[in-house]
Colleague: 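Have a look at this one.
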Amino acid sequence: MQIYDVLILGAGAAGLMVATHLKRYNLLILEHNPRPAAKIAISGGGRCNITNQILSPSYYLGDKEFIATVFKAFDNHDLIHFLQRHGLEPVIRKGTQYFCPTRAQELIDLLLQTSAGVNIVYETEVQGVEKVEKHFRVTTSQGVFHAKTVLIATGGLSYSRIGASGIGFTIAESLGHRIIPPRPALVGLTLQPEQSWMKALSGLSLPVMVSVGRRTLTGDMLFAHRGISGPVILDTSLYWNQGKITIDFLPGKKLKSLFKSPNKTAMTQIPLPKRFVKAFFDALELPNIAYKAMSEVQKQKLSWLKSYAFAPAGTFGYTKAEVTKGGVATDEINPFTMQSRLVEGLFFAGEVVDVTGQLGGYNFQWAFSSAVVAAQGLSLQLSSD
Ligand SMILES: Cc1cc2nc3c(=O)[nH]c(=O)nc-3n(C[C@H](O)[C@H](O)[C@H](O)COP(=O)(O)OP(=O)(O)OC[C@H]3O[C@@H](n4cnc5c(N)ncnc54)[C@H](O)[C@@H]3O)c2cc1C
């Protein structure tokens, strides 16, 4: 019976990064797709938003101390140096975001080159993991594999059409780990009937400020057939579970200062696309009259342009979500090694863990940082054997 040093479950961003750092061991990667890193290939509009110039746990949903500990070991600067050392010079776009110079495949090629020699078994679906005395038995569609240690890097549930699965959560739970309920995140939000007026604006994009819980987020909101989307709404979905969000359609502007011409109708003085203003007035049954002629109730309704509060109905779901929030609870993982505190020899990295970032390269940064820490932890564990 062959016993591997490490079985890596999933040849995605995290799994490949671990392989890169552990080449001297007897590793095997199990992957159910016919090729590696399907998500990297389609990410960032095909150019992969790898990381960000600005990194802090505040861009993440999850335990801030846990995240900070992982980033102390390997942060955005370390990632950029790693990529540069291996010949990939990321370029900055959209302000502070790092992308591949031309296409996401460059990053996949780099990961495959730096992990060259590590065997990847494709079209092999991982079905379960058991600990039998001192080693692990991993059951797959191609038979049973044995190893001293196992790394779960199978990601989350978003985009099942390219191989995403919840197997990591199932395995972790079967081995005694607590799972924070997974939910789609970085995803559009659907609307209640009262907000259906927004659907008629499909295709329109506006800069807005959104308040969700104690967070305030600014950016572009896109009206869509199914509801609302765009970068600021995708980030909102990270922090939204249920209940109301509030949208300021005129960020940085004071409402009263808009109505300087007393005889002009309020509608014509609002500096927003006509289509939006008309739909807003119709939905709130506001008359097309001058501001000063409005009743107090009408002025109050008009002020909702600055604070339109409503409860979204739900999200566009896992088929559209860039990530899955929730996952393996971090209080049962050691942030210095990414090893399970419950099962010796079991390690986690990437999206399967209950850490989820905003848009901007934060999820790949997490996948790579947690992978490097897991590689260090695995190395320690194997050298102590
Ligand atoms: C459309 C889209 C665009 C995105 N763009 C960005 C971006 O630009 N920047 C950013 O930071 N993040 C982006 N993300 C998020 C990012 O892709 C993920 O957070 C990241 O890939 C997580 O890495 P991971 O290694 O944990 O999981 P994954 O990369 O998902 O890898 C998991 C691997 O496990 C395999 N697997 C799953 N189940 C099984 C099983 N049962 N048996 C065997 N193998 C299995 C999968 O096939 C996959 O290869 C995007 C996501 C999507 C869907």
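Given the structure is predicted, the values throughout are model-derived calculations rather than measurements. Both backbone and side-chain heavy atoms feed into the values below; hydrogens, waters and symmetry mates do not.
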Colleague: Verify side-chain contact (heavy atoms from CB on, under 4.5 Å) between Thr337 and Gln381, making sure each step is shown before the conclusion.
Modeller: CA-CA 9 Å; Thr337 59; Gln381 176 72 13; over 6 Å; no
Colleague: Going through the checks in order, is the side-chain contact (heavy atoms from CB on, under 4.5 Å) test met by Val129 and Ser174?
Modeller: CA-CA 8 Å; Val129 176; Ser174 75; 5.9 Å; no
Colleague: Picking from Ile247, Leu272, Asp220, Leu201, what satisfies side chain to side chain contact (heavy atoms under 4.5 Å, CB included) with Leu206?
Modeller: Leu272
Colleague: Under the criterion side-chain contact (heavy atoms from CB on, under 4.5 Å), I'd like the reasoning laid out for Leu342 against Leu175: C-alpha separation, chi angles, the key distance, then a yes or no.
Modeller: CA-CA 8 Å; Leu342 312 180; Leu175 292 168; over 6 Å; no
Colleague: Please round to the nearest 0.5 Å and tell me the distance separating atom CZ of Phe99 and atom CD1 of Ile92.
Modeller: 11.0 Å
Colleague: So Lys134 and Glu344, do their side chains get closer than 4.5 Å, heavy atoms only?
Modeller: no
Colleague: Does Ser257 use its side chain to pair, donor to acceptor, with the backbone of Lys254 at less than 3.5 Å?
Modeller: yes
Colleague: If hydrophobic clusters are built by linking Ile, Leu, Val, Met, Phe, Trp and Tyr wherever their side-chain heavy atoms come under 4.5 Å apart, do Phe71 and Val355 end up in the same one?
Modeller: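 As far as the 4.5 Å side-chain criterion goes, Val355 and Phe71 are connected within one cluster.
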Colleague: Apply the test side-chain contact (heavy atoms from CB on, under 4.5 Å) to residues Thr190 and Phe316: give CA-CA distance (whole Å), side-chain angles for both, the deciding distance (0.1 Å), then the verdict.
Modeller: CA-CA 6 Å; Thr190 56; Phe316 293 2; 3.7 Å; yes
Colleague: Is atom NZ of Lys23 surrounded by more than 12 heavy atoms (other residues, nucleotides or ligands) closer than 6.0 Å?
Modeller: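 Yes, enclosed.
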Colleague: What's the spacing between Thr265 OG1 and Asn288 CG if we round to 0.5 Å?
Modeller: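 It is 4.0 Å, given to the nearest 0.5 Å.
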Colleague: Check for a donor-acceptor pair, side chain of Thr51 on one end and backbone N or O of Tyr98 on the other, with a separation under 3.5 Å.
Modeller: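 Absent.
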Colleague: Answer yes or no: is there a donor N or O on one side and an acceptor on the other, between the side chain of Glu322 and the main chain of Leu186, under 3.5 Å?
Modeller: no
Colleague: Do Glu106 and Thr102 meet the criterion of a side-chain donor-acceptor pair at a distance under 3.5 Å?
Modeller: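 Indeed, the side chains of Glu106 and Thr102 share at least one donor-acceptor pair under 3.5 Å.
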Colleague: For Gln298 and Tyr291, does a side-chain donor sit closer than 3.5 Å to a side-chain acceptor?
Modeller: no
Colleague: Decide whether Ile152 and Val144 are clustered together by the hydrophobic rule: side chain heavy atoms of Ile, Leu, Val, Met, Phe, Trp, Tyr closer than 4.5 Å, transitively.
Modeller: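 Result: no, two separate clusters.
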Colleague: Between Glu130 and Arg137, does any NZ, NE, NH1 or NH2 come within less than 4.0 Å of an OD or OE carboxylate oxygen?
Modeller: yes
Colleague: Are any of the side-chain heavy atoms of Leu88 and Pro101 separated by less than 4.5 Å?
Modeller: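 SC-SC contact between Leu88 and Pro101 confirmed.
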Colleague: Distance-only, no hydrogens or angles: does the Ser379 side chain make a donor-acceptor pair with backbone N or O of Gln376 under 3.5 Å?
Modeller: no
Colleague: Does the side chain of Thr246 come within less than 4.5 Å of Phe310's, by heavy atoms?
Modeller: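 Phe310 vs Thr246: side chains apart.
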Colleague: When you check the side-chain N and O atoms of Thr330 and Asp354, is any donor under 3.5 Å from an acceptor?
Modeller: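 The criterion, which ignores hydrogens and geometry beyond distance, is not satisfied for Asp354 and Thr330.
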Colleague: Determine the interplanar angle of the Phe223 and Phe276 rings, folded into 0 to 90°, and report it as parallel if under 30°, tilted if 30 to 60°, perpendicular if over 60°.
Modeller: tilted
Colleague: Taking the side chain as every heavy atom from C-beta outward, state whether Ile8 and Leu30 have any atom pair closer than 4.5 Å.
Modeller: no
Colleague: Looking at Gln127, I want to see if its CD is surrounded by more than 12 non-hydrogen atoms of other residues, nucleotides or ligands under 6.0 Å.
Modeller: yes
Colleague: Which word best sums up how the rings of Phe249 and Phe280 line up, parallel for under 30°, tilted for 30 to 60°, or perpendicular for over 60°?
Modeller: perpendicular
Colleague: Check this for me: does any side-chain nitrogen of one of Asp331 and Arg178 sit under 4.0 Å from a carboxylate oxygen of the other?
Modeller: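 A salt bridge links Asp331 with Arg178.
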Colleague: Under the 3.5 angstrom rule, does the side chain of Ser261 hit a backbone N or O of Lys264 as a donor-acceptor pair?
Modeller: no
Colleague: Is there a chain of hydrophobic side chains (I, L, V, M, F, W, Y, each step under 4.5 Å between heavy atoms) that links Tyr60 to Val210?
Modeller: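 Per the 4.5 Å side-chain linkage, Tyr60 and Val210 are not co-clustered.
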Colleague: Is there a donor-acceptor pair closer than 3.5 Å between any side-chain N or O of Asp5 and the backbone N or O of Leu27?
Modeller: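 No, because the side chain of Asp5 does not come within donor-acceptor range (under 3.5 Å) of the backbone of Leu27.
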Colleague: Would you say Ser158 and Thr324 are linked by a side-chain donor-acceptor pair, where the criterion is simply a distance under 3.5 Å?
Modeller: yes
Colleague: For Lys320, I'd like to know if atom NZ has over 12 heavy atoms of other residues, nucleotides or ligands within 6.0 Å.
Modeller: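 No, NZ of Lys320 has 12 or fewer neighbouring heavy atoms, counting only those of other groups under 6.0 Å.
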Colleague: May I ask you to test the Gln84-Glu89 pair for a side-chain heavy-atom distance under 4.5 Å?
Modeller: yes
Colleague: Are Ile167 and Tyr159 connected in a single hydrophobic cluster, I mean Ile/Leu/Val/Met/Phe/Trp/Tyr linked by side-chain heavy atoms less than 4.5 Å apart?
Modeller: no
Colleague: CG/Asn334 to CZ/Arg341 distance, rounded to the nearest 0.5 angstrom?
Modeller: 4.5 Å
Colleague: Do any N or O atoms from the side chain of Glu173 and from the backbone of Thr170 form a donor-acceptor pair under 3.5 angstrom?
Modeller: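 Between the backbone of Thr170 and the side chain of Glu173 there is no qualifying donor-acceptor contact (under 3.5 Å).
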Colleague: Any heavy-atom pair between the side chains of Leu107 and Phe364 that's under 4.5 Å?
Modeller: no
Colleague: Please confirm whether Phe136 and Tyr4 have ring centers closer than 6.0 angstrom.
Modeller: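 No, the ring of Phe136 stays outside the 6.0 Å limit from the ring of Tyr4, centre to centre.
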Colleague: Linking I/L/V/M/F/W/Y whenever their side-chain heavy atoms sit closer than 4.5 Å, directly or via other members, would Val70 and Leu79 fall into one cluster?
Modeller: no
Colleague: Mind checking whether His32 and Tyr122 have ring centres under 6.0 Å apart?
Modeller: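 Ring centres of Tyr122 and His32 not closer than 6.0 Å.
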Colleague: First locate atom CG of Leu346, then atom CG of Leu151, and finally report the distance between them rounded to the nearest 0.5 Å.
Modeller: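 It comes to 8.5 Å.
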Colleague: Verify the ring-centre separation between Tyr308 and Trp197: is it less than 6.0 angstrom?
Modeller: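 Yes, the ring centres sit under 6.0 Å apart.
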Colleague: Drop me the distance from Gln97's CD to Leu359's CG, to the nearest 0.5 angstrom.
Modeller: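 Those atoms lie 7.5 Å apart.
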Colleague: Under a 3.5 Å threshold, yes or no: a donor from one side chain and an acceptor from the other, between Asn26 and Lys148?
Modeller: no
Colleague: Would you say Leu9 and Val150 make side-chain contact, with heavy atoms under 4.5 Å?
Modeller: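 A side-chain contact exists here, since the closest heavy-atom pair is under 4.5 Å.
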Colleague: Might you confirm whether atom CD of Gln242 has over 12 heavy atoms from other residues, nucleotides or ligands at distances under 6.0 Å?
Modeller: no
Colleague: Are any of the side-chain heavy atoms of Asn52 and Gln365 separated by less than 4.5 Å?
Modeller: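 No, every pair of side-chain atoms sits at 4.5 Å or beyond.
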